[in-house]
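Sequence lines set the chain letters: A, B, ... in the order given, protein chains first and strands last, and positions in each chain run from 1.
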Amino acid sequence: MSLSTARCGLPAREILYSSISNALSSIRNSAELHKVHALVITAGLDRSAFLTGKLISKYARFREPTSSISVFDRVSPTNNVYPWNSIIRALAHNALFSEALGFYSRMRDVGVRPDAYTYPSVINACAGLGDAEMGKVVHQHVSEAGFGSDLYIGNALIDMYARLDDMGKACHVFGEMSQRDVVSWNSLISGYSSNQYWEEALWYYSELKLDGILPDLYTVSSILPACGGLVAVREGRILHGLVEKIGVDGDIIVRNGLLSMYFKFGNVTDAQKVFDEMVFRDIVSWNTLVCGYCQLRLFEDSIQLFRDMITTCTPDLLTVTSVLRACGHLGDLELGTFVHDYSERKGMEFDTRANNILLDMYAKGGNLLAARQLFNKMKDKDSVSWNSLLNGYILHGSYGEAMQLFKMMKMETEPDSITHVMLLSVSTQFADIYLGGEVHCHIVKLGFTIDLRVCNALIDMYAKCSKLEDSLRIFGLMDICDIVTWNTIISACNHHQDCCLGFQMINAMRNEGLVPDEASLLGILPICSLLAAKQQGKEIHGYIFRLGFESNVPVGNALIEMYSKCGNLKGAVGVFELMKVKDVVTWTALISAYGMYGEGQKALKAFAQMEVAGILPDHVAFIAIIFACSHSGMVEEGLNLFDCMKNKYNIEPRMEHYACTVDLLSRSGHLTKAEDFILSMPLKPDASIWGALLSACRANGNMKIAERVSKRIIELDTDMTGYNVLVSNVYASMGKWEQVRSVRKSIRSKGLKKSAGCSWMEIKKRVYIFGTGDRSFEQFEEVYQLLDILGSLMAKQGYVPDLQCVLHDVDDDEKEDMLCGHSERLAIAFGLLNTEPGSPLQIMKNLRVCADCHTVSKYISSIVQREILVRDANRFHLFKNGACSCGDRW
DNA sequence: GTAGGGTTAG
């Protein structure tokens, strides 16, 4: 149509045609579309290929594919490709993929040649159906038709292969393309990203930049999950900057992606910041936040967010399941049940995944009946369903049910690696090496030894079953390990009191480039405490500062204990004072520290301050404070607290509290009172109770009560080596060798091993260990010579050896020699020889210091004018100028 | 673009 005819008047039909065509382009809703459609029919234009094509597309946009089809049917059959393209695109757009493909084959059947506009929709339909076979066929058609290098078709093919998880082919198509735009790159990158090939996604993203292509918001939104998955913090930050630059109105999808990424980094601050700055938030934004907090195990925050959310936005299944998960972990059955009811009222359909979360919530919360009912009702159970219920039974001690369920599970489905991890945790809890070994066999058979978490659980199981060598063997076989592996092995060293190995492990871990986390620090600090490794402990404290863990409450608590057990009360108090948040464990650590140093008054003051701070003492706090009173001879105060515990705080005294109180009475010489106290106990006294009294009898030389108590302990037939040894020693000091032999025989027949007495000290970061009568160290001759000299000096000052402390049936001369070989003396002498004159000495002993060594230490401190700090199994003794800080109550 | 079960840690 020329310009002149347009101006001077068109035939009516053509005017109608062009005005309808214009109207079709500017239609905004379905009602308008229907009006125009009616107009097309009245004008008799409903067989026009161009107009019908437009109508088909418009109906598709307003989600009325059936109308699209009826429009198409008016022109069909047609040789014009335009309506065919429109109908295929319309159907694919409305997710009617098989229908779209049906029209594609009809089109070919009637001999209409598809063009470059046909294929993208057809390819899209194959991808939507997940039909790899058909996809291949269509790809073949494309090649045959010579469209192999078409940009739009290429992009569609990449997208299709990516959605079929065939990144090899996607990449191949990408490589073959002669021309690429940002969409091509985006399709490839988002393909890698959504199939979780994060390294590749990031790699192609860097290639895209090298190619000089400007990333758009689609690029960013597909690369963000990769940054999150790889914890690529630096790249993530750069992307965030890019979003600020190109995201004019803050594209919501990208912002949601940023939120998710920051949660994957564990960076709550920035996630919250992105969220706070968002102008628009949709359900996904809220869900990402609620789920994100949940995944970082910040369950309370997650629930609080949910409460905030429901005022502005209606929760969906995802929100509900996240909250249910939080309720499960917090054991909040009440809220969980409420949310469950809410979702039922809203008519939400629970899929398997959602049901599993619900099941887990009931199982963790202890409503095993509800869990079981849900489990029985579920149609599509997967291994997670079985495991969740199994875990519920295990958590709540229903081991019989757990085992029965496991049997059923084996019949209906294949137990997976996580099932085995849970079975291992049962073995670990009971230290049941037989069950553990059996599970280990299954694990090997099923090939789960490649699973990191299974190996971690195995290491832990063997460690808790006292098989450190087996733990180390498994550890040695592992090619890859994570922070949990290291932490597990460190805690294993801690359990086995193998301090050297513990330090080796933490160093090896750091050499691997792993940064210790809270659990690592909580594993290594007790090793420092145990070993009294002052220097190492201090270094770790420095490290804690650098890592930013100084405000972590459990870490702070472990630091207080470390300093106090390393002989540095000031350090312990210093850490305590710097802690901003303190819990009952923090205060208890401080009270115990004072207790160990015989600072009973300070312990009492701390106890009072704790109450003022609004923290209620728990049963451990009472053990600490009664212990402190006991070691400071504060009998009245201690008894008072014991009464208070029940009357004021409603805490029922446990065996440990009775043991502490018996210790309190008997240690300060009230042996008869202690015995009466024991006989009036509502619990049946165990060996720890009688043992406390017996130690005091021995120290006091009250052999009458000692003999009665010894009989009681023998009657109890305890497996605790220490109490058997104590009884044997008491008989030995009474010279009753017959009884000594009998007790020793019983120790042997029970297969108990006496832990050998040993002492150790740290000099210039090296730890020196001494056993009883040890002659295996280099300077032993000098050490024994020095002890001889000191012995004669002491004799002149009136020292008489306390031969009751020697526990072998030998003559008195020999006994004296044996006393000289006590490990703490060797350590003291060694320390005197190897440290600066006048400097303080610090010695650790695994057992309690005997009365004679206590006396000797006092003499030595005066003769050599040195402070000697000795930590034994119970407390610290500071020997200075011939006296001891404990006032001889040890 | 958001989702489930288990292992270390006092």
Side-chain angles (χ1 to χ4, degrees), chain A residues 190 193-194 217-218 220-222 224-225 228 251-261 263-264 282-292 294-295 316-325 328-329 350-361 363-364 382-392 394-395 415-426 428 451-461 463-464 481-492 494-495 516-526 552-555 557-558 561 583-585 588-589 620:
Chain A
S190 98
S193 190
S194 57
L217 286 174
Y218 290 100
V220 175
S221 74
S222 58
L224 285 174
D251 187 283
I252 195 155
I253 293 178
V254 178
R255 302 237 166 233
N256 287 342
L258 279 173
L259 266 183
S260 174
M261 180 190 76
F263 276 115
K264 294 265 159 56
D282 63 2
I283 180 89
V284 177
S285 326
W286 281 102
N287 284 349
T288 308
L289 216 62
V290 176
C291 299
C294 220
Q295 277 180 328
D316 65 3
L317 185 65
L318 235 78
T319 334
V320 163
T321 51
S322 281
V323 178
L324 287 172
R325 189 177 167 220
H329 282 279
F350 274 48
D351 56 10
T352 304
R353 183 178 279 227
N355 270 325
N356 284 343
I357 295 170
L358 186 62
L359 169 61
D360 181 58
M361 191 272 292
K364 280 210 177 82
D382 60 9
S383 64
V384 179
S385 328
W386 288 90
N387 288 341
S388 301
L389 186 60
L390 192 63
N391 187 37
I394 291 172
L395 280 178
D416 63 10
S417 60
I418 289 174
T419 320
H420 286 84
V421 170
M422 292 195 305
L423 294 174
L424 283 176
S425 87
V426 177
T428 308
D451 191 308
L452 186 59
R453 293 154 303 185
V454 171
C455 291
N456 292 346
L458 273 172
I459 293 178
D460 192 45
M461 185 274 290
K464 300 259 166 74
C481 45
D482 64 358
I483 191 146
V484 177
T485 320
W486 289 101
N487 292 348
T488 308
I489 206 89
I490 290 165
S491 95
N494 191 10
H495 279 285
D517 67 358
E518 182 190 344
S520 330
L521 297 169
L522 293 175
I524 194 69
L525 282 170
N552 180 306
V553 178
V555 169
N557 297 345
E561 190 186 328
D583 63 5
V584 65
V585 182
T588 306
V620 189

Base, sugar-phosphate alone, or nothing: which one does [X] contact when heavy atoms must sit under 4.0 Å apart?
X: Asp351(A); answer: base
X: Lys264(A); answer: nothing
X: Arg325(A); answer: sugar-phosphate
X: Ser285(A); answer: nothing
X: Leu318(A); answer: base
X: Ser322(A); answer: nothing
X: Asp416(A); answer: base

Looking at the side chain of [X], which of [options] is the nearest nucleotide?
X: Val484(A); options: dT2(B), dG10(B), dT8(B); result: dT8(B)
X: Asp451(A); options: dA3(B), dG10(B), dG6(B); result: dG6(B)
X: Leu522(A); options: dA3(B), dT2(B), dA9(B); result: dA9(B)
X: Arg453(A); options: dG6(B), dT2(B), dA9(B); result: dG6(B)
X: Lys464(A); options: dT7(B), dA9(B), dT2(B); result: dA9(B)
X: Cys291(A); options: dT2(B), dA9(B), dG6(B); result: dT2(B)
X: Pro526(A); options: dG10(B), dT8(B), dA3(B); result: dG10(B)

Non-neighbouring partners of Ser221(A) that pass side-chain hydrogen bond (donor to acceptor under 3.5 Å, both in side chains), sequence neighbours left out: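 Scan of Ser221(A) (side-chain hydrogen bond (donor to acceptor under 3.5 Å, both in side chains), adjacent residues dropped) gives none.
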Test ring pair (Phe, Tyr, Trp, His ring centres under 6.0 Å) applied to Phe263(A) - qualifying residues, sequence neighbours left out: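 With neighbours one apart ignored, the set is Tyr293(A).
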